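Reviewing the structure listed below.
These numbers come from a predicted model, not from an experiment.
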Amino acid sequence: MKKNPDFDDIRPYYDEEFPAAMQRIASSDVFPLLASYVYPDMTIEAVRQHVCSFRTIREFQHDTMAEVNRQIIARSITEFTCEGLERLDPKRQYLYVSNHRDIMLDACLLQYFLVINGFETTEITFGANLMTHPVVVDVGKSNKMFRVERPGSDLRQFYRSSLHLSEYMRWCIKEKGESVWIAQRNGRTKDGRDATDQGIIKMFCMSEPKDKIKALAELNIVPVAVSYEWESCDVLKALELYQSQYARYVKKPGEDLNSILTGIMQHKGRVVFHLCEPIRTDELEAFENMTNSEYHKAVAGLIDRRIKSAYRLFPNNYIAHDMLYGNTKYRDKYTNEQYEAFEKRLAKLDRYEENCDMERLREIFIGIYANPVTIK
């Protein structure tokens, strides 16, 4: 494996660092809970010995992490499908740019699909805000996750961090021989309106500033559309959007971890991943005469069109749209039973009626499901 000490501050673990991380995880207080979920038919000690026997990250991902995904699918997903892999070459490296609905599962489930189809897993962006608990850090960096700083008030520091990230991702794809997964925007989509942040495209280009076409062409960008029948953390997202109307939203301690666990455990119904056609050089060349800012915006729009075209709409989306607009425009898209199931999900908001304007909270919740129909 190629190494570059310039990136030691953000990179995942190397294989030689990995066994010590497994020992730390296996000795942690939360290990029994993790072990019982992933390997319910094994004793805790047997699981401890099993995970500590791995010597490489690839072994761990193809064994334990594959089993994690199998358990998630078996317990919380009715049907899991992934489309478009035939467009890709298992010997090439890609930059997967995905819409972002769940903190962990968007990237995690994609890795599983790549593994079972003979592709290597990708490196994954990992928000610094999530790197708080030592076990989370060890699990993340043992899964090829690398640190990404969130924007702050120090713009100079953010510029340096963005340049560093851009250089690392390019080095991964061109020199290290690893594909990379990144979300299309900073943070999850809360309102159902997926949109690529042109600042992400600008960041991609920072490490190749003299040639904007080459900067993106050599990254082999693959837009990824992720669709959940039941939106991950839908109630939590509705509450955050509701509270954000009245004041700047500040996350509570442990909120991200709660969202991770909720996303894993919550029933998700059908889940579809669609790997879109990679962005071609000739498509980028069509924007060659644009200013840099126009170019970044145009490429973001190109990715958005791929993702929106591939996004899978479910009955819940059509039900919500009819509810929101008070009509039956999409009545042929769902059954009475599906409508009743959505109403039952909506009723989960009732527990918050003492502290919220329920009409507004319900409207926000319904909008999360309805908006993908509006922008499709």
Side-chain angles (χ1 to χ4, degrees), residues 1 12-13 15 18 22 34-35 37-42 47 50-51 53-126 139-145 172-173 176-183 220 222-230 232 260 263-278 307 310-312:
M1 176 185 292
Y13 288 142
D15 279 342
F18 165 77
M22 286 296 102
L34 298 175
Y37 181 86
V38 183
Y39 296 106
D41 298 325
M42 294 174 62
V47 178
H50 182 61
V51 300
S53 70
F54 300 129
R55 288 294 170 263
T56 68
I57 289 172
R58 191 176 190 278
E59 289 177 5
F60 174 62
Q61 290 194 315
H62 283 242
D63 187 299
T64 295
M65 290 310 301
E67 185 60 30
V68 167
N69 282 289
R70 280 191 286 268
Q71 291 291 346
I72 291 171
I73 292 168
R75 299 184 189 197
S76 68
I77 295 175
T78 304
E79 181 183 4
F80 174 68
T81 57
C82 192
E83 307 158 345
L85 198 61
E86 70 280 357
R87 297 187 175 102
L88 308 184
D89 180 349
K91 296 181 181 179
R92 293 188 70 184
Q93 286 73 50
Y94 298 95
L95 174 58
Y96 296 91
V97 180
S98 174
N99 65 330
H100 193 25
R101 298 300 185 93
D102 183 273
I103 292 178
M104 294 297 292
L105 294 184
D106 297 343
C108 191
L109 289 170
L110 176 62
Q111 307 311 306
Y112 175 68
F113 185 75
L114 293 173
V115 165
I116 64 177
N117 284 279
F119 280 66
E120 292 300 320
T121 56
T122 77
E123 293 206 2
I124 301 167
T125 54
F126 194 40
V139 171
K141 295 180 74 171
S142 296
N143 271 292
K144 297 165 67 172
M145 294 183 176
C172 272
I173 292 170
K176 194 178 181 183
E178 294 275 2
S179 293
V180 173
W181 179 96
I182 189 171
N220 301 320
V222 178
V224 180
V226 185
S227 313
Y228 295 90
E229 183 173 17
W230 292 104
S232 179
I260 291 172
I264 289 172
M265 303 301 293
Q266 175 185 309
H267 177 65
K268 289 167 279 293
R270 289 170 286 178
V271 178
V272 179
F273 279 68
H274 189 98
L275 307 183
C276 305
E277 180 185 352
I307 291 175
Y311 188 86
R312 180 71 58 86

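In this structure, OG1 on T121 lies 3.0 Å from NZ on K144, to the nearest 0.5 angstrom. L95 contributes atom CG, which lies 10.5 Å from atom SG of C172 (distance to the nearest 0.5 angstrom).
For the side chain to side chain donor-acceptor pair (under 3.5 Å) test, residues two or more places apart in sequence or in another chain that qualify with S76 are K268. Taking R70 as the reference, E67 meet the salt bridge (charged side-chain N to carboxylate O under 4.0 Å, His left out) condition, with sequence neighbours excluded.
Side chain of D15 to backbone of R55: no donor-acceptor contact under 3.5 angstrom is found. No donor-acceptor pair closer than 3.5 Å links the side chain of S179 to the backbone N or O of T122. No donor-acceptor distance shorter than 3.5 angstrom exists from the side chain of R87 to the backbone of V222, with no hydrogens or angles considered.
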Would H50 and T64 count as a side chain to side chain contact (heavy atoms under 4.5 Å, CB included) if you check the C-alpha gap in whole Å, the side-chain angles of each, and the deciding distance to 0.1 Å? CA-CA 9 Å; H50 182 61; T64 295; 4.3 Å; yes
Please test R312 against E83 for salt bridge (Lys or Arg N to Asp or Glu O under 4.0 Å), starting from the C-alpha separation and ending with a verdict. CA-CA 11 Å; R312 180 71 58 86; E83 307 158 345; 2.6 Å; yes
Residues V47, V38; criterion side chain to side chain contact (heavy atoms under 4.5 Å, CB included); working and verdict: CA-CA 9 Å; V47 178; V38 183; over 6 Å; no
Begin from the C-alpha positions of E123 and K176 and carry the test side chain to side chain contact (heavy atoms under 4.5 Å, CB included) through to its verdict. CA-CA 11 Å; E123 293 206 2; K176 194 178 181 183; 2.6 Å; yes
Using side chain to side chain contact (heavy atoms under 4.5 Å, CB included), reason through L275 and L110 one step at a time and then give a plain yes or no. CA-CA 10 Å; L275 307 183; L110 176 62; 3.9 Å; yes
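Between the side chains of N143 and Q61, a donor-acceptor pair is found at a separation under 3.5 Å.
Note: F80 and Y112 have tilted aromatic rings, judged against thresholds of 30 and 60 degrees for the angle between ring planes.
Centroid-to-centroid, the aromatic rings of F18 and F60 come within less than 6.0 Å.
Side-chain atoms of V224 and Y94, non-hydrogen and from C-beta on, never get closer than 4.5 Å to each other.
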